[in-house]
Amino acid sequence: MPSSRRSFLAGSAAAVLGGALAAPASAQQMVRGVFANGDRPLIAFPQKRPLMVLTPRPPQLETPFAVFDQGAFTPNDAFFVRWHLAEIPAGIDAATHRIRVSGAVGKPFTLSMADLQRMPAVEIAAVNQCSGNSRGFFEPRPAGGQWQDGAMGNALWRGVRLKDVLDRAGLAAGAKQVQFNGLDKPTLPGTPDFLKSLDVDVARGDDVIVAYAMNGKPLPLLNGFPVRLVVPGWYSTYWVKMLSDITVLDHVDDQFWMKTAYRIPDTPNHSVAPTEGGFATIPINRMVVRSFVTNIADGASLKAGRTAVRGIAFDGGSGIESVEVSSDGGTTWTPAALETDYGKYSFRRWNAAVNLDAGKTYVLACRAFGNDGGAQTATPIWNPGGYMRNVIQQYKVSVA
Ligand SMILES: Nc1nc2c(c(=O)[nH]1)N[C@H]1C(S)=C(S)[C@@H](COP(=O)(O)O)O[C@H]1N2
Ligand SMILES: [Mo]
């Protein structure tokens, strides 16, 4: 890993609204890459502060890592963005938006935003993390968005229980899965529309919500205005944005985004050797536990003495049981203090302190454990999708 770990800012500030037609690279603020081909322009899309651009169309925007040191919740204008298809409405009238509920149900119906507002509301803090967050660190590199660690964010989501919506329609006896569609469309006729499905028992879980607010405000357009699915604990591929259709299926969804894409090896840690083939796969589902130091970057130069180390941890919904830090690359560990608990799906902030002597180099590390016994891996996993990275993070620092 190169020494300039995150968020090294260079160049002059020139935020470009709209983003698709960016200014020449020389006029842009850049974030220096922490892996090969990782340099990213910082560009402000509508309702967003300047974020790291992987692709402008469809927008794939990464949160600069320093944002995660500023609080347990990720501000809406700093929240990462990921779309698969390029035909995304540039504006939506919430007053005329409808969600169609149909398929294997007793009584199909449509829901307006006003209908949703009249139903009992729930609020839940939950991490939205792309399956491929940190994919750029995989070796060898799989195809797909070359994210650093910023394809994640934590927000307070407000909406109604999907269960309440489904109960209003009444599931037919043979209902197996619930399929979700949004307003985005493919550009070319051969590209499959983006559709995702959950088993009926997952979809009817207490915490799955049809969300119309994020951190107390309407969703930014790029994060799914006016309404999106929130599946706490699960990778965000299921968190369908600009939700327009809820279709109950009497069979297991066999379209591209379930049968072919977003599948993981059905192996220990969902890991395989890069040369391996012929293994069974399953749809990606719950997140694995992760933790990050947020106040010290890899390659940092620090002052000698007692030094604060702080960060975040989260898992797939069991909640964080403990976090430990190391200053010797993971040989010995000491417990960190856990900060405010916003619920089992939220970022959990933690803090610790280490003693650093002048003239030495250290490898700091952190590791988290979930209440379900989940742990981070000591060596990186590998799979062809570049999914579910949760290696114990290391931060090389030198002390003056
Ligand atoms: N309608 C729609 N919803 C979608 C997607 C999409 O392409 N279209 N991408 C999914 C994926 S893979 C991710 S990582 C998250 C990203 O959510 P965000 O853009 O709000 O951060 O949206 C999910 N929901
Ligand atoms: Mo994703």
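The chain is numbered in sequence order, starting from 1. Whatever order the structure lists ligands and atoms in, that order sets their numbers, starting from 1.
- No more than 12 heavy atoms of other residues, nucleotides or ligands sit less than 6.0 Å from atom CG of Asn37.
- Remark: the backbone N or O of Leu156 is paired with a side-chain donor or acceptor of Asn215 at under 3.5 angstrom.
- Taking distance alone, with nitrogen or oxygen atoms compared against 3.5 Å, Asp184 approaches ligand 1 more closely than that limit.
- A heavy-atom separation below 4.0 Å is found between Tyr262 and ligand 1.
- The shortest N or O to N or O distance between Cys130 and ligand 1 is not below 3.5 Å.
- Shortest contact from atom 7 (O) of ligand 1 to any protein heavy atom: His84 ND1, 2.8 Å.
- In this structure, atom 14 (S) of ligand 1 lies nearest to the protein heavy atom Ser236 OG, 3.1 Å.
- Looking at Trp257, Phe194, Phe80 and measuring to atom 16 (C) of ligand 1, the nearest heavy atom belongs to Phe80.
- Counting heavy atoms under 4.0 Å from ligand 1, residue Trp83 touches it through both backbone and side chain.
- Side-chain N/O atoms of Ser134 and Arg290 include a donor and acceptor closer than 3.5 Å.
- Close contacts between ligand 1 and Val240 involve ligand atoms 1 (N), 3 (N), 24 (N) [criterion: under 4.0 Å to a heavy atom].
- The backbone N or O of Leu195 lies less than 3.5 Å from a partner atom in the side chain of Gln255, making a donor-acceptor pair.
- Applying the 6.0 Å contact sphere to NZ of Lys185 captures more than 12 heavy atoms from other residues, nucleotides or ligands.
- Ion pairing between Asp254 and Lys259 fails under the 4.0 Å rule for side-chain N and carboxylate O.
- Those atoms of ligand 1 that come under 4.0 Å of a heavy atom in Asn223, given as number and element, are 18 (P), 19 (O), 20 (O), 21 (O).
- Residues Phe180 and Tyr238 keep their aromatic ring centres 6.0 Å or farther apart.
- Within the structure, the closest approach of Arg228 to ligand 1 falls below 4.0 Å when heavy atoms are considered.
- Interface atoms of ligand 1 facing Trp239, defined by a heavy-atom separation under 4.0 Å, are 23 (C), 24 (N).
- Ring centers of Tyr387 and Tyr235: at least 6.0 Å apart, outside the cut-off.
- Ring centroids of Phe73 and Tyr342 are separated by less than 6.0 Å, placing the two rings close together.
- Of all atoms in ligand 1, numbered sequentially from 1 with element shown, those under 4.0 Å from a heavy atom of Asn128 are 17 (O), 18 (P), 20 (O), 21 (O).
- The closest protein non-hydrogen atom to atom 3 (N) of ligand 1 is Lys241 N, 2.9 Å.
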